[in-house]
2 protein chains.
Amino acid sequence: MSETREQFLDAAEALFADKGFYGVSIANIADELGLTKQALLHHFTSKEKLYGEVLKRISDHFDQLVDEARASAAEPADQLKRFLLSLCARPPGDTAGTRLLMRELLDNKRRADTAGTWYLKPFLEALTDMVKAVPGWERASPAEALALGYQLLGAITYFAVSGPTLKGIYGASDYEALAEAFPDQLQYVIDAALTSPRSR
Amino acid sequence: MSETREQFLDAAEALFADKGFYGVSIANIADELGLTKQALLHHFTSKEKLYGEVLKRISDHFDQLVDEARASAAEPADQLKRFLLSLCARPPGDTAGTRLLMRELLDNKRRADTAGTWYLKPFLEALTDMVKAVPGWERASPAEALALGYQLLGAITYFAVSGPTLKGIYGASDYEALAEAFPDQLQYVIDAALTSPRSR
DNA sequence: CTGTATACTTACCGATCGGTAAGGTGTCAA
DNA sequence: TTGACACCTTACCGATCGGTAAGTATACAG
């Protein structure tokens, strides 16, 4: 894999996450490396294909996080917990992938017709399996298991995406306190959701 | 308030929610009413101002939902629950506001410098107050209360935003089952999070 | 009949968009 | 020495962007 190619992908991921597909021009991305947009097109033939490769890289990374969580614990509940916490305990500033996936979630009604690939599908299936493996959840319907997984995933993703806004509203120091309280509070909610007796 | 003005706001809300600020041109919006973009500029002087008015209308609607939930129940826990459920029990297709706010969350690092207004602030403060009013949560720190509120809010918002993608991945009928299971599952998580003994 | 304001129109502007065409430069194999 | 390929450039294209300028049509007050 070419060095320049990789740098293009890095720059594109950061810029697409910040401003969205329409908000960034291929010239903007090329400027980041001090090159012209035609250098970019030489490596990726079109803006749409570059975007696709960025998405692929992110979804691969998510799959890898799932694998790591699965290998790190024996108990299904622990696996799920570790995975979810690994999502929000990422090094600060590493929210680009999460933010970009959120944008994709909002935009892909447009892209679905053309691209036709659902990058999140294997990831969501793994999430559902993890929930259904938790004691007390074996007999939940796929819809119920996915609903719970999606709610926990949403809680994390929504917060990860809100960084700049929350910092703007509450100030940097209050946000710091919130970011610190968040994982503990999340762990508490996960435990409560997984261990409370199901009402059905 | 002019009739045409209102129609412009409706069309703009729907289109901005679908494609984002950069993804929609003022000509697109005007086309929706069979008018030219200069008719739009006559009412709103600039694209940025139109966008601001759309945001304002949505945040007003959210504030109204909070008020309704507060008036509809005596118990703080019930108020919170009713409010959160009213968010996800909206008539289908009414997710435009939610989706647009999600986009704003992603974009307003850019807009914050210019606009300077935090439409979500009063709404988040109301949310925090509701959590802190729940028995057992009075002594939680603001950060802890907000963290919980934000997690529940995120669970709902994330799902509301994912409609098209989930429909694409699982098909319309499976998605229907998921959308039906979601509120019950959410209620279960809310109850679990609010009533379980806090661990501190 | 005569302003004056509202609600729109057509015409046009410079800037920027994604993408094509063609050419230059370096490296490396035959 | 000669191709062939990878990598990158300048030059250019038609389309579209947000916004300005200058009207036109209607209604209504004096």
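Letters A, B, ... are given to chains in the order of the sequence lines, protein chains preceding strands, and every chain is numbered from 1.
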**Prompt:** Regarding B:E68 and B:Q64, is there a side-chain donor-to-acceptor distance under 3.5 Å anywhere?
**Reply:** yes
**Prompt:** Got a sec: does the CD of A:E138 have more than 12 other heavy atoms crowding it under 6.0 Å?
**Reply:** yes
**Message:** Rounded to whole Å, how long is the line connecting atom CD1 of B:I29 with atom C1' of D:dT16?
**Reply:** 15 Å
**Asked** Can you find a side chain N or O atom of A:S25 that sits less than 4.0 Å from OP1 or OP2 on C:dT16?
**Response** no
**Fill in**
Hits for salt bridge (Lys or Arg N to Asp or Glu O under 4.0 Å) against A:D60, two or more places apart or cross-chain, chain-then-number order -> A:K56
**Nearest atoms (heavy-atom pairs only) where A:R103 meets A:A17** = NE-O, 2.9 Å
**Request:** Name all pairs fulfilling the side-chain hydrogen bond (donor to acceptor under 3.5 Å, both in side chains) condition that reach into residues 166-178 of chain B, sequence neighbours left out, sorted by first residue then second.
**Result:** none
**Item:** Upstream residue (5' side of DNA chain C) when B:K37 and B:G34 are each assigned their closest nucleotide
**Value:** B:G34
Pick out the pairs of N or O atoms, protein on one side and nucleotides 3-5 of chain D on the other, that lie under 3.5 Å.
none

**Asked** Does A:F123 have its ring centroid less than 6.0 Å away from the ring centroid of A:F83?
**Response** yes
**Request:** Find out whether A:L80 and A:L127 are in side-chain contact, i.e. whether some heavy atom of one side chain is under 4.5 Å from a heavy atom of the other.
**Result:** yes
**Request:** Without swapping roles, check the side chain of B:T45 against the backbone of B:L41 for a donor-acceptor pair under 3.5 Å.
**Result:** no
**Asked** When you check every protein heavy atom under 4.0 Å of nucleotides 21-26 of chain D, what one-letter string (B, S, -) results, 5' to 3'?
**Response** B-----
Which side-chain N or O atoms in residues 151-162 of chain B pair as donor and acceptor under 3.5 Å with protein atoms at least two apart or in another chain?
from, atom 1, to, atom 2, distance (Å)
B:Q151, NE2, A:F182, O, 3.3
B:T157, OG1, B:L153, O, 2.8
B:S162, OG, A:Y150, OH, 2.6
B:S162, OG, B:Y158, O, 2.6

**Prompt:** Is there side-chain contact between B:D18 and B:R99, with heavy atoms separated by less than 4.5 Å?
**Reply:** yes
**Request:** Scan residues 39-47 of chain B against DNA chain D and write down, sorted by residue number, each residue with any heavy atom closer than 4.0 Å; if none is found, say none.
**Result:** B:L41, B:S46, B:K47
**Message:** Measure CG/A:D31 against P/C:dG18 and give the value in whole Å, please.
**Reply:** 12 Å
**Complete:** In whole angstroms, the gap separating C1' of C:dA7 from CD of B:E3 amounts to 14 Å
**Prompt:** In whole Å, what is the span from the OH atom of A:Y51 to the C1' atom of C:dG19?
**Reply:** 20 Å
**Request:** Mark yes or no: B:K19 above the aromatic ring of A:Y22, with NZ or CZ under 6.0 Å from the six-membered ring centre and no more than 45 degrees from the axis.
**Result:** no
**Prompt:** Whole-Å distance between C:dC17 P and A:L15 CG?
**Reply:** 12 Å
**Message:** Is there a side-chain contact between B:T4 and the phosphate of C:dC8, meaning an N or O under 4.0 Å from OP1 or OP2?
**Reply:** yes
**Request:** Report yes if a side-chain nitrogen or oxygen of A:T36 is closer than 4.0 Å to either non-bridging phosphate oxygen (OP1 or OP2) of D:dT9; otherwise report no.
**Result:** yes
